[in-house]
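Take a look at the structure set out below.
Since this is a predicted model, take the numbers as computed values, not measurements.
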Amino acid sequence: MSDSIISTMDLTKRFEDLVAVDHLNLNIEDGEIFGLLGPNGAGKTTTVLMLTTVIKPTEGNAVVGGFDVKRQPDDVRRLIGICFQEPKILWVSNSWDVLNWHAKVCGLSTQERKTRVKDVLESLNMWSHRQKKVHGLSGGMRKRIEIAKVLIQRPKIAFIDEPTAQIDVIGKHKIWNMIRELRDAGSTIILATNELYEADILSDRVAIMHKGRLMVCDTPKTLKDSIPGGDSVEIQLEKEVTKNVLEKLKAFHEVVDVVNIDPNRLRAYLNNVEEVVPDIMKLFLRSRMPVKSIHVSEPSLDDVFVHYTGLTIEAAEQEGPARRHK
Amino acid sequence: MFLQYKFLIIMRAIWFAAQVAFFGLIASRMVVPELADVYFEYYVAGVVIMMLYSTSVFIGYDIFEEAEHGVFEYLLSLPVSRRELVLGRSIGGGIRSFIFIGPIVAITLFVIGLANPLNFLIAFSALFLFAFGVSGMSITIAVGLKSGDRFDILMGVLNAFIIRLSTTMYPQVFVQDASQLYAALTTINPVTFASDLFRWGVGIEKYLTIAPMPLAPILGLTAFFFAFTFVGVTVYEKRLEGGGWQ
């Protein structure tokens, strides 16, 4: 893929008998928000740490921004910025010092530092807390400081691990918008999260990981559409549905199954619901069966995860990471 | 930043005062009366180097604190090379230890006096290399072991060897009387280089081990600094695989 800004080739990391990442092959395109999804222990954070040169792969390799993570780690680090899952902050400092120091190490000029640190702190509602010692801040505030580092740095490639963990709903929306703005300003964003809704609304493409392995990778829509009968439409009719109409409904090639919930109400499991609903409505109108109400639902990425792993994300978390048989 | 160590600094200052006021004063009475004052000054200068050594080792404990708070991973992700990182930490640790012992050096100068300010400036500047080297050594051992407990124990043992097999507390002529091997080891010990250099700087030129002064100890300390910076970078790159910190 010519536009790939990150490519991994059988990227593997083992910690003794634990296989954290298992022969991962990924291509991430320039300028996209790429969601790396999976339960805790799926290998997302380890993947991020290898791509950011914090830890070395046991096997395989990766190219980040055209540089080999094993042979050119210094060049890789010049392109990246990272928001860690757990805030990594010098605990003795205040918010302003932490961010100003980070911006300085990343090469921002004095004036640029002042402006960006102030703007980002204000946007994250942290300006009034800028002189407080970091260890005196709540978990959510420390997480804001952690994400502020990336937003101030504006790296070519930003790795953001669990961006809104411990953050309130209003804060989440603010951070999501700021991540989109970062992407629009030219950054490629790798978003590691176990919040599937967050990945769904932010990501251009997502990769689902389970036990260190890549299960599937595509756009959220394609993944959701890939579940046979994943969409559903529930129709409440004015009168009892006839056998003839039911047969016609089942004959649509998008329809996988139809269930009669009661004589006047039925639920159809189907693919590409948004394309087929007008035809279904026409069928009922032509058959002189007035529709009282209609409720359409699409699968979520949770359903995609269940489809590809056979487990809910909670059950997968309980299973934990993969271990090698000795 | 330095204030987080205020308890440690105060305790070290008390330790210095106790060493000088009790051990230094009493032990100097054990030597022949005409050399008692010379030994007292000799010992006070040695204690300064012991303090410089022990405060430069602090950086290793910082590494464990950083690993615990995850700051370590953050530092490793920054756009700086591993060499710059190790060098920055060694130099930072060395400068910090100089700030810690600054008041003690001032007290020492007050006790001993200052014969030649230029010699003192040369010696004092060269001692930075010693502090950076010890910091580099401490970082190397901390990263190599990845265990706070083992680090603590090993540094205690190393301290016993590196301080006792140096001329910090006693002149080499007496070491030689005890053992030729011990005497040989004192001549390649960076703590001896630092002690001799500091004594030369403050004008205590009786019983110096290394010659010619000040070139020989400065070269020795330069080699010590570069060796541990190089080893530190190598160990950093080999051992930092993330996790495994105890």
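Atom CZ of B/Arg83 is surrounded by 12 or fewer heavy atoms from other residues, nucleotides or ligands within 6.0 Å.
Remark: side-chain polar atoms of A/Arg77 are paired, donor with acceptor, to backbone N or O of B/Leu78 under 3.5 angstrom.
Note: A/Asp74 CG to B/Glu84 CD = 7.5 Å, rounded to the nearest 0.5 Å. Interatomic distance, NZ of A/Lys149 versus OG of B/Ser77, reported as 7.5 Å (0.5 Å rounding).
For A/Ile80, the part lying under 4.5 angstrom from a heavy atom of chain B is the side chain only.
The two residues A/Phe84 and B/Tyr74 make their nearest non-hydrogen contact at CE1-CA, 3.6 Å.
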For this session: Take A/Thr53 and B/Arg82 through the test side-chain contact (heavy atoms from CB on, under 4.5 Å) and record every step on the way to the result.
Result: CA-CA 11 Å; A/Thr53 79; B/Arg82 298 291 184 251; 4.0 Å; yes
